[in-house]
Amino acid sequence: MSMKQYLVDIIGKSLQQFDLEEEPEIQIEDPRQPEHGDASSNIAMTLARPLKNNPRAIAQQIVDGLEYDEKKVSAVEIAGPGFINFRYSEEYLFDELSEILKTGAEFGKSDSHQGKRILVEFVSANPTGPLTVGHGRNAVLGDTVARLFEWTGADVEREYYFNDAGRQMRVLGESVRARYLELLGKDSEFPEGGYEGEYIRDIAQSLADDKGEELVDAEDEKPFKEKAEEEIFADISGTLERMKIKMDSFFNERSLYEDGKIEETIEKLRAKGLVYDEDGAVWFKTTEFGKEKDTVLVKSSGEPTYRLPDIAYHANKLDRGFDLCVDVFGADHIATYPDVLNGIKSLDYDPEKVDVVVYQFVTLVKDGKPFKMSTRKANFVTLDELMDEVGADVTRFFFLMRSPNTHLEFDIGQAKEAGEKNPVFYLQYAHARISSILRKVEEEYDFPEDVDLSLLTHPSEIALLKTMLKFPETIGNAARLREPHHVITFLNELASAFTTFYHDCRILGEEKELVQARTELAKAVAQVLRNGLGILGITAPEQM
RNA sequence: GCGCCCGUAGCUCAACUGGAUAGAGCAACGCCCUUCUAAGGCGUAGGUUACAGGUUCGACUCCUGUCGGGCGUACCA
C-alpha cells in the first residue's frame with residue numbers, strides 16, 4: 001500500500017469520531033515547502049463548514065484521534081490555517097529504498113489500467129510526403145501515452161489509420177506522373193495544387209529507372225500513386241523506427257468500404273431517424289445533439305466526407321473489444337470529435353470508451369520568424385532532417401517537454417545549436433555520472449551482503465530519496481491525464497536532487513560502510529532515471 | 001458573429017484535484033575545476049500570473065465581462 005493510501009486510511013478512521021452525513025474525500029498533497037512536512041492534508045479546512053467549527057480545532061481533534069505506525073510516520077503537526085502535516089520516518093524511507101532496488105526495472109509500475117485493452121491511434125498521416133516536425137508532436141505524444149498506459153498495466157495496441165483512396169492521393173499520383181513525363185522529356189502539365197516537393201522527383205526517377213518509358217501512356221495516375229505510396233510509406237516507417245515507434249497495426253480506411261461498414265453505418269443511423277437525404281446529399285442530424293447545422297455524410301457526388309468513415313472506424317475499434325480507444329490529434333481536428341462521439345452513441349456504443357488527446361499546434365520558427373508549413377508546397381522540415389541534426393533523444397524530448405495543451409514553439413536555429421544547452425542532456429548526464437561512479441566502486445570495493453542504509457543521514461541524501469519515492473505517483477498521474485511532460489518535470493527534479501547530493505556527499509573514499517550505503521542510493525537513482533527515460537523512449541547512456 | 005484552446009520573469013515554459021512564500025531552463029551579472037564527468041555547481045537580478053469584477057477560510061487554477069493570440073465554424077482532410 002502506498003504511503004498516501006495509508007494516510008487516507010488512518011485519517012478516515014479518525015474521522016469516525018465525527019457525525020458526518022457523507023464521507024468526505026480525503027486529499028493528500030505534497031507540500032511545496034519542506035518545513036511543511038512530507039505529506040499534508042487539508043481535510044480539516046474542508047470540514048469547517050459542515051462541522052461548524054474552526055479548522056484548527058477540527059485538525060486538533062483529528063490528530064488526537066489519529067493512530068499511526070511510528071515505523072512509517074515520525075511526526076504529525078498542525079500548521080497554518082489548519083493543515084495537518086506528516087513527516088515520514090527514516091525507517092520507512094530506508095525500507096522504500098530497498099524496495100526500489102528490489103523492484104528495479106519495474107519500479108513505478110502500477111495497476112490503474114490493469115487488464116484494460118487500450119487502442120492508441122496516432123500519426124495517421126496519409127502517405128503524401130515525409131513526416132514533418134508538425135507530425136512529430138503527434139507521433140511522440142501518441143507513443144509515449146501508449147507507454148504510460150503500459151506502465152499502468154494496460155494491454156496496448158498502437159494503430160496508424162490512413163486513407164489512400166481520396167483526393168489527396170490522386171493529386172499525389174498526378175504529381176508523380178507529371179514529374180515522370182518531365183524526366184523523360186515528354187509534354188506534361190503539373191497538376192493544380194500538386195505536391196511540389198523534391199521527393200516527388202525522386203519517386204519519378206525511380207519509376208523511370210525501373211520501368212523506362214513503359215508508363216508514358218498509362219491510362220490513369222494509378223501506377224504512379226501506388227509507387228508513391230510504397231516509397232513514402234517506406235520512408236515514414238523508417239522515420240518512425242528511428243524515433244523508436246513501433247506500430248502494431250495499419251488500418252486502411254478502404255477496408256471499411258470493402259466490409260460494407262460504411263453502408264451499414266448509414267443504414268443504422270437512418271433507421272434511427274438521424275439520417276436524411278436532401279439536395280442529393282446524405283445528412284446527419286447533428287442539430288439533434290445541439291449543433292447549429294446538420295452535417296453532410298455523403299456529398300451529392302456520392303463521395304463520403306471524412307466524418308462518415310471516422311464514425312464507422314470508431315465503431316470498428318469498439319467492435320474489436322477495446323476498453324478504451326484513444327485518438328491523438330491536433331487542435332485543428334477538434335471539430336470532428338463531437339460528431340464521432342454522437343455517431344457512435346447513436347449506434348449504441350459507449351462513448352465513454354472513446355477519448356481524445358488534443359495537442360496545440362507546433363509553431364515553426366525559422367530565422368526568427370514564424371513559418372507556415374505545407375506538405376503540398378514543400379515548405380517543411382522533416383523529422384529525419386531534425387534527427388540528423390539533434391538525434392532521436394532530443395527530438396522525442398523536445399516534443400514531450402511541454403504540456404500538450406500549450407502551443408509549442410519550435411525554433412529551428414535553436415534546435416540545431418541545441419548541443420550543450422539542451423535540457424535532455426542534464427538527465428542523461430546524471431545517469432552517466434552515476435554509471436561512472438558505479439564502475440569505480442565495482443573495481444575498488446568488495447562489499448558484504450548486508451547494507452546499513454541508516455548511515456544515510458545527510459539532508460541531501462534524504463531529499464534525494466524522498467524525490468525518488470514520488471516516481472510511481474508521477475507515472476500514474478501522467479497516464480491518467482495523458483500528459484507525458486509530468487515525467488520530464490519529475491526527472492528534472494530527480495537529476496537536480498542527485499546533483500546536489502553529488503556535490504555535498506562523496507561516495508568514493510569514505511568509510512566502507514558509508515560507501516556501500518551511498519552506492520545503493522546511487523544505484524536506485526540510476527534505476528529510476530532509466531525507468532523514467534525509458535517511458536519517454538530516451539536512452540540512458542552509461543557514459544557521455 | 002459563434003465555439004474550443006491559450007495569455008505566468010526579457011525569451012521558452014512548470015505549478016498534481018482550488019492550498020501555505022508562483023518555480024525551472026535560456027539570456028544577463030559575479031564567483032567555483034590538484035577532489036567520484038565543469039554537458040556541472042553556488043550566488044545576484046528579474047512577477048500586480050493580460051485587464052476588471054465575482055465565488056471561497058484560501059484563486060495562476062472556478063464563474064462573468066473586456067483586450068490580445070491560435071484553431072475551428074465546407075457537399076476539403
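Residue numbering restarts at 1 for every chain, and letters A, B, ... go by the order of the sequence lines.
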Task: Atom P, compared across B/C16 and B/U34: separation rounded to whole Å - done: 44 Å
Set out, line by line, the N/O atom pairs under 3.5 Å between protein and nucleotides 33-35 of chain B.
| from | atom 1 | to | atom 2 | distance (Å) |
| --- | --- | --- | --- | --- |
| B/U35 | O2' | A/Arg506 | NH1 | 3.0 |
| B/U35 | O2' | A/Arg506 | NH2 | 3.3 |

Task: A/Ser40 (side chain) and B/A20 (base): donor-acceptor pair under 3.5 Å - done: yes
- [ ] Sort out the partner of B/G43 for me: Watson-Crick or G-U wobble, both distances under 3.5 Å, none otherwise.
- [x] B/C29
Open item on the list: On the side chain of A/Glu409, is there an atom forming a donor-acceptor pair with the base of B/U12 - under 3.5 Å, no angle test?
Closed with: no
Open item on the list: Looking at A/Asn405, I'd like to know whether one of its side-chain N or O atoms comes within less than 4.0 Å of OP1 or OP2 on B/C6.
Closed with: yes
Open item on the list: For B/G3 and A/Tyr337 - does any side-chain N or O of the residue sit under 4.0 Å from the phosphate oxygens OP1/OP2?
Closed with: no
TODO: Nearest whole angstrom, please: distance from the C1' of B/C5 to the CZ of A/Phe329.
DONE: 13 Å
Task: Per-nucleotide protein contact string for nucleotides 68-75 of chain B, where B marks a base within reach and S marks sugar-phosphate only (heavy atoms under 4.0 Å, - for neither) - done: -BSSS-SB
Task: B/A77 base / A/Asp310 side chain donor-acceptor hit below 3.5 Å - done: no
TODO: Return the value, rounded to whole Å, for the distance between atom CZ of A/Arg32 and atom P of B/C16.
DONE: 8 Å
Task: Pairwise P distance for B/A24 and B/A14, with rounding to whole Å - done: 16 Å
TODO: Find the distance A/Tyr426:OH to B/A39:C1' and express it as a whole number of Å.
DONE: 11 Å
TODO: Nearest whole angstrom, please: distance from the C1' of B/G40 to the CZ of A/Phe501.
DONE: 15 Å
Open item on the list: Rounded to whole Å, please give me the gap between CG in A/Leu508 and C1' in B/U37.
Closed with: 13 Å
Open item on the list: Give me each pair satisfying side-chain hydrogen bond (donor to acceptor under 3.5 Å, both in side chains) with a member in residues 468-492 of chain A, each pair once, sequence neighbours excluded.
Closed with: A/Lys4-A/Glu473, A/Asp355-A/Arg482, A/Asn477-A/Arg480, A/Glu483-A/His486
Task: Rounded distance in Å between the C1' positions of B/G58 and B/A20 - done: 9 Å
- [ ] Sticking with atom C1', work out how far B/G7 lies from B/A22, rounded to a whole angstrom.
- [x] 16 Å
Task: side chain to side chain contact (heavy atoms under 4.5 Å, CB included) partners of A/Lys377, counting only residues at least two apart - done: A/Ser374, A/Asn379
Open item on the list: Taking 4.0 Å as the cut-off, does a side-chain nitrogen or oxygen of A/His503 come that near to OP1 or OP2 on B/C32?
Closed with: no
TODO: Look at the side chain of A/Lys440 and decide which nucleotide, out of B/U12, B/U37, B/C6, has an atom nearest to it.
DONE: B/U37
Open item on the list: Is A/Lys291 close enough to B/C2 that one of its side-chain N or O atoms is under 4.0 Å from OP1 or OP2 there?
Closed with: no
Task: NZ/NE/NH1/NH2 to OD/OE distance under 4.0 Å, A/Asp277 and A/Arg270 - done: yes
Task: Sequence-distant partners of A/Glu510, side chain to side chain contact (heavy atoms under 4.5 Å, CB included), two or more places apart - done: A/Arg506, A/Leu514, A/Val515, A/Arg518
- [ ] Determine the Euclidean distance between corresponding P atoms of B/U55 and B/C63; express it in Å to zero decimal places.
- [x] 15 Å
Open item on the list: It should be established whether A/Arg433 places a side-chain nitrogen or oxygen under 4.0 Å from OP1 or OP2 of nucleotide B/A38.
Closed with: yes
Task: Rounded distance (Å) that lies between atom P of B/U17 and atom CG of A/Leu481 - done: 6 Å
TODO: Answer yes or no: does a side-chain N or O of A/Ser436 lie under 4.0 Å from OP1 or OP2 of B/C36?
DONE: no
Task: Euclidean distance for C1', B/G19 against B/U56 (whole angstrom) - done: 12 Å
Task: Test ring-ring contact (aromatic ring centres under 6.0 Å, His included) applied to A/Phe233 - qualifying residues, sequence neighbours left out - done: A/Tyr160, A/Phe162, A/Phe250
TODO: Specify the glycosidic conformation (syn or anti) of B/C60, with syn defined as within 90° of 0.
DONE: anti
